[in-house]
Amino acid sequence: MNEFNEYVRESFSAFGDIVIRSMMGGYLVYLNGKLIGDICDSELFLKRTPTSDRLLADSELRYPYEGSKTLMHVFDRFEDTDLIAELLEGMYAELPEKKPKKAKGN
């Protein structure tokens with residue numbers, strides 16, 4: 001895992017279980033089991049929810065990789081722990097639960 005990924009994990013880990021998984025040349029960022037965003041080329045992109053739209057209103061909407069949805073490009077907000085806490089708590093509540101895997105053979 002690169003230095004930026006570790007920095008994101010450390011910055012967010014006070015607010016829940018953060019897992020960063022390698023996927024398609026980038027990384028997926030999970031908070032307590034829910035996908036909250038991507039890391040591509042050492043840049044963080046978060047999913048759009050009512051909370052992220054409100055708290056990160058000045059963030060640029062970008063495509064982290066070809067074929068993706070637009071996500072919020074997040075930069076230099078990692079020192080603001082109050083913002084991170086409100087952001088992650090709100091996003092977690094607004095994002096759907098992970099769908100259970102279907103049993104094979106049913």
Side-chain angles (χ1 to χ4, degrees):
M1 188 174 310
N2 71 33
E3 199 172 303
F4 182 77
N5 292 13
E6 189 59 29
Y7 178 61
V8 170
R9 193 190 65 70
E10 286 179 13
S11 297
F12 287 6
S13 65
F15 309 103
D17 180 38
I18 299 296
V19 174
I20 298 176
R21 291 196 179 120
S22 177
M23 179 73 81
M24 303 177 299
Y27 299 88
L28 300 177
V29 182
Y30 293 87
L31 169 64
N32 299 327
K34 288 186 183 182
L35 179 63
I36 61 169
D38 301 343
I39 296 174
C40 297
D41 298 323
S42 294
E43 294 183 294
L44 176 64
F45 298 88
L46 293 178
K47 286 187 163 207
R48 295 188 66 194
T49 71
T51 296
S52 64
D53 280 349
R54 179 174 52 84
L55 294 177
L56 302 174
D58 60 342
S59 292
E60 185 180 350
L61 296 178
R62 293 180 26 196
Y63 296 94
Y65 54 89
E66 191 173 321
S68 76
K69 294 180 178 179
T70 55
L71 299 177
M72 304 190 90
H73 180 236
V74 180
F75 56 96
D76 69 18
R77 299 283 181 84
F78 300 103
E79 305 305 320
D80 188 343
T81 55
D82 291 337
L83 173 71
I84 292 172
E86 186 177 353
L87 177 66
L88 295 181
E89 184 178 301
M91 286 182 68
Y92 185 81
E94 294 160 353
L95 288 168
E97 291 295 329
K98 191 174 178 183
K99 294 178 183 167
K101 292 183 180 180
K102 292 182 179 178
K104 291 183 180 181
N106 287 352

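Positions are given from 1 along the sequence.
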Is there a side-chain contact (heavy atoms from CB on, under 4.5 Å) between F12 and I84? Walk through the geometry before answering. CA-CA 7 Å; F12 287 6; I84 292 172; 3.7 Å; yes
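- Across every non-hydrogen atom of V74 and L56, the tightest pair is CG2-CD1, 3.9 Å.
- Atoms CD1 and CD, from I18 and E6 in turn, are 11.5 Å apart once rounded to the nearest 0.5 Å.
- With sequence neighbours excluded, the residues forming a ring pair (Phe, Tyr, Trp, His ring centres under 6.0 Å) with Y7 are F78, listed by chain and number.
- In this structure, F4 and L44 have side chains that are in contact, with non-hydrogen atoms separated by less than 4.5 Å.
- Among residues two or more places apart in sequence or in another chain, the side chain to side chain contact (heavy atoms under 4.5 Å, CB included) test is passed with T81 by F15.
- Under the rule for a side chain to side chain contact (heavy atoms under 4.5 Å, CB included), D41 has no partner lying at least two apart in sequence or in another chain.
- With rounding to the nearest 0.5 Å, the separation of CZ in R9 from CD1 in I20 is 7.0 Å.
- Among all heavy-atom pairs drawn from K34 and L95, the shortest one is NZ-O, 2.7 Å.
- In this structure, E89 has no side-chain hydrogen bond (donor to acceptor under 3.5 Å, both in side chains) partners at least two apart in sequence or on a different chain.
- Within the 4.5 Å cutoff, side-chain heavy atoms of L71 are placed close to those of K47.
- In this structure, CG in L28 is found 9.5 Å from CD1 in I39, a value given to the nearest 0.5 Å.
- L31 and L88 get closest at one heavy-atom pair: CD2-O, 3.6 Å.
- In this view, R21 satisfies the side-chain hydrogen bond (donor to acceptor under 3.5 Å, both in side chains) rule with no residue, not counting sequence neighbours.
- Atom-to-atom distance recorded for K69:NZ and L61:CG is 13.5 Å, nearest 0.5 angstrom.
- Taking the side-chain hydrogen bond (donor to acceptor under 3.5 Å, both in side chains) definition, one finds that E94 meets it with T49, T51, sequence neighbours left out.
- F45 and L87 sit in two unconnected hydrophobic clusters of ILVMFWY residues. Membership requires side-chain heavy atoms under 4.5 Å apart, directly or through other members.
- For the residue pair D38 and P64, the shortest heavy atom distance occurs at OD2-CG, 3.9 Å.
- Contact annotation: the side chain of V8 never approaches that of Y27 to less than 4.5 Å [non-hydrogen atoms, C-beta and beyond].
- You'll find the side chain of D53 reaches within 4.5 Å of the side chain of M72, heavy atoms only.
- Closest approach of N2 to N5, counting heavy atoms only: OD1-N, 2.7 Å.
- L35 and Y63 are assigned to two separate hydrophobic clusters, defined by single-linkage of ILVMFWY side chains at heavy-atom distances under 4.5 Å.
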